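Notes follow the structure.
Values reported hereafter were calculated over all heavy atoms of this structure, with side chains retained and with hydrogens, waters and symmetry mates removed. Throughout, protein chains are lettered first and strands after them, A, B, ... in sequence-line order, and every chain is numbered starting at 1. Treat the numbers as computed from the prediction; the structure is a model and nothing was measured.
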There are 2 protein chains.
Amino acid sequence: MRSHLWKADTVSPPPGLRERKKQATREALREAALRLAVERGPDGVRVEDIAEAAGVSPRTYNNYFASREQAIVAAVTADRETRIAAAVAARPTEVRLADAVTEAVVEQYTNTREHEREALLLITTRTALREAFLDTTTGIEAPLTAVLAERLGDTEARTARVLAASVATAVRIALDEWLQGTGTDAAGAGATGLLIPSGALPDLLRGALAPLAPAFDAAENPSR
Amino acid sequence: MRSHLWKADTVSPPPGLRERKKQATREALREAALRLAVERGPDGVRVEDIAEAAGVSPRTYNNYFASREQAIVAAVTADRETRIAAAVAARPTEVRLADAVTEAVVEQYTNTREHEREALLLITTRTALREAFLDTTTGIEAPLTAVLAERLGDTEARTARVLAASVATAVRIALDEWLQGTGTDAAGAGATGLLIPSGALPDLLRGALAPLAPAFDAAENPSR
DNA sequence: CAGAAAAGATGCGTGCACGCAAGTTTGCGT
DNA sequence: ACGCAAACTTGCGTGCACGCATCTTTTCTG
């Protein structure tokens, strides 16, 4: 149930009651996770607490999230992966694909709400939360693969998947460097006045994605 | 202790007694894990059993491996990641870097001993073991980054890391397709006479790594 | 409209997985 | 040779994380 199989086909019948209740439960869990983590500190929240706040049992919690950390970071990333794919799909086909992907990633990772900055600050203070946050980048692969396959042609399905997965891993590297720069547990924990310089993140993302541009160019124009 | 920080500098003083005992413990644990998994089936082995067979406590087991599955697959992969990096480093610098990496990967993933084939068959029967096996590809990044940085020049450290991580993720995709082709839990569990067609793996690996070749070429010859 | 099938929620039991503290072993410097 | 620091081992307690079985809710079909 946690593995969300994403399909490029966005025209689908309106979801039924069961599907709507599932989404509502998922959102309730991740909002509760983040709210409690911010209120009590990340160590003061147990799965039992989150489940109770969301009105479900701890067993149900584990049907949705495999760990405490996953729910907390889910509140931050909130479907960012599908938004990245949608942003790439929305760009005109004459835009260089490598540029389209890069700008979509930069756009989605810097349009942060105030609430999210607070959550990111929280995430930097714990190793398990940082790892879970970095792990969310794997969610970029499936939706982006679908968009790239459509753009490159279905015969390039393998290429689409490799390129999409490489984008995900480049994003992970950029975020890892970014979070390292904000201070690790040893330096960042308990530190006061620490701010996340989001101005640096676009440069890190562009720098991490740049080495992949030739691969995108070659896939887009195989005759060269 | 589980995160093994790999250094390209291979000339180092001979390890001390403590280091040798750590390595011996790690090897004892992974050999015990695999032996017990083969003897009793993967579901018949507990961490307590593995620890006892290796002569350490369960707590010590978790100092070395974060899960039951990690020890089992560690017996299969057995430092393959460092061997890949060493194989790339050993190739003459006039060999195209993309080719060097591809051939090193293919070589290290197909030189399998009979014992390993038995373990791979076991791995295909359980989802958790397959996921853990795929996760081992992340270990390719650090050693390969060091080799690529040396080859491309230290100013390209970021590029080296992105390319190495992309190789790791391409290998993961190839292995995922390969394991899917050998049958999933539904089809493979309990199936008799199922063989892993290792002849197909080189093609899958080459196919997965091919889209990254232009990125390697551009990094190797930036003036073009 | 009613019954069957599918999917979700939950309790229970089991096996972890990890932080912490205390004890032991190894390495290093004098 | 000895003392101290670093690293490792281990017991203990706590909070999971998951498989299984059972019950409930939603969807689908005749």
Side-chain angles (χ1 to χ4, degrees), chain A residues 1-5 12-29 33 36-37 40-72 125-132 135 185-186 189, chain B residues 1-5 12-29 33 36-37 40-52 54-72 125-129 131-132 135 185-186 189:
Chain A
M1 190 186 299
R2 293 192 295 269
S3 166
H4 192 62
L5 188 60
S12 56
L17 179 57
R18 175 169 282 164
E19 182 63 30
R20 295 203 304 275
K21 291 182 77 172
K22 267 178 69 178
Q23 288 307 319
T25 300
R26 180 179 296 274
E27 285 176 30
L29 284 168
L36 292 174
R40 307 178 186 180
D43 297 334
V45 183
R46 298 172 303 158
V47 165
E48 185 180 339
D49 301 326
I50 299 170
E52 183 174 329
V56 299
S57 80
R59 190 65 195 84
T60 294
Y61 175 92
N62 277 119
N63 285 335
Y64 286 82
F65 297 102
S67 69
R68 220 179 39 120
E69 288 74 22
Q70 278 192 6
I72 297 174
T125 66
R126 294 294 184 281
T127 302
L129 279 171
R130 285 213 313 278
E131 289 301 322
D135 280 344
D185 284 47
Chain B
M1 190 189 295
R2 293 191 297 268
S3 166
H4 192 63
L5 189 58
S12 56
L17 178 58
R18 176 168 281 165
E19 184 62 30
R20 295 202 305 275
K21 290 184 77 171
K22 266 178 70 178
Q23 289 306 318
T25 299
R26 180 179 297 274
E27 287 177 29
L29 284 169
L36 291 175
R40 306 179 187 179
D43 297 335
V45 184
R46 298 173 302 160
V47 165
E48 186 179 340
D49 302 326
I50 300 169
E52 182 175 329
V56 298
S57 81
R59 191 66 196 82
T60 295
Y61 175 91
N62 278 118
N63 286 334
Y64 286 82
F65 296 103
S67 69
R68 219 179 39 121
E69 290 74 21
Q70 279 193 5
I72 296 173
T125 67
R126 293 295 184 282
T127 302
L129 279 170
E131 288 301 320
D135 280 345
D185 285 47

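The distance between atom CD of Glu52(B) and atom P of dG11(D), rounded to the nearest whole Å, is 12 Å. Between the OH atom of Tyr64(B) and the P atom of dT9(D) there is a distance of 4 Å, given to the nearest Å. Atom pair Leu17(B):CG and dT24(C):C1' shows a separation of 13 Å (rounding to whole Å applied). Spacing between atom CZ of Arg59(B) and atom P of dA17(C) amounts to 11 Å, rounded to whole angstrom units. The nearest whole Å value for the distance from the CD atom in Gln70(B) to the P atom in dC16(C) is 14 Å. In this structure, Asn62(B) atom CG and dG15(D) atom P are separated by 18 Å, rounded to whole Å. Summarising the geometry, the separation between CD on Glu69(A) and P on dC18(C) is reported as 11 Å, rounded to the nearest angstrom. The distance between atom CZ of Arg26(B) and atom P of dC8(D), rounded to the nearest whole Å, is 10 Å.
A residue-by-residue look at Gly16(B) and Asp49(B) shows that Asp49(B) has its nearest nucleotide of DNA chain C further toward the 5' end. Mapping Thr25(A) and Arg20(B) onto DNA chain C by nearest heavy atom places Thr25(A) at the nucleotide closer to the 5' end.
Proximity of Ser57(B) to the phosphate of dT9(D): no side-chain N or O atom is located under 4.0 Å from OP1 or OP2. Note on Lys22(B): a side-chain N or O is less than 4.0 Å away from OP1 or OP2 of dC8(D). Residue Lys21(A) places no side-chain N or O under 4.0 Å from the OP1 or OP2 atom of dT25(D).
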| request: Give the C-alpha distance, both sets of side-chain angles, the deciding distance and a yes or no for side-chain contact (heavy atoms from CB on, under 4.5 Å) between Lys21(B) and Arg18(B). | output: CA-CA 5 Å; Lys21(B) 290 184 77 171; Arg18(B) 176 168 281 165; 5.9 Å; no
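Here CD1 of Ile72(A) is found 9.0 Å from CG of Leu36(A). Values are rounded to the nearest 0.5 Å. To the nearest 0.5 Å, the span separating CD on Glu52(A) from OH on Tyr61(A) amounts to 14.5 Å. Within the model, atoms CG of Asp135(A) and CD of Gln70(A) stand 7.5 Å from one another, a figure rounded to the nearest 0.5 Å. Distance CZ/Arg26(A) to CD/Gln23(A): 6.0 Å, rounded to 0.5 Å.
With hydrogens and angles ignored, a donor-acceptor pair under 3.5 angstrom links the side chain of Arg18(A) to the base of dT26(D).
The nucleotide whose nearest atom lies closest to any side-chain atom of Thr60(B) is, among dC18(C), dT10(D), dT10(C), dT10(D).
Counting non-hydrogen atoms under 4.0 angstrom, Arg46(B) reaches the backbone sugars and phosphates but no base.
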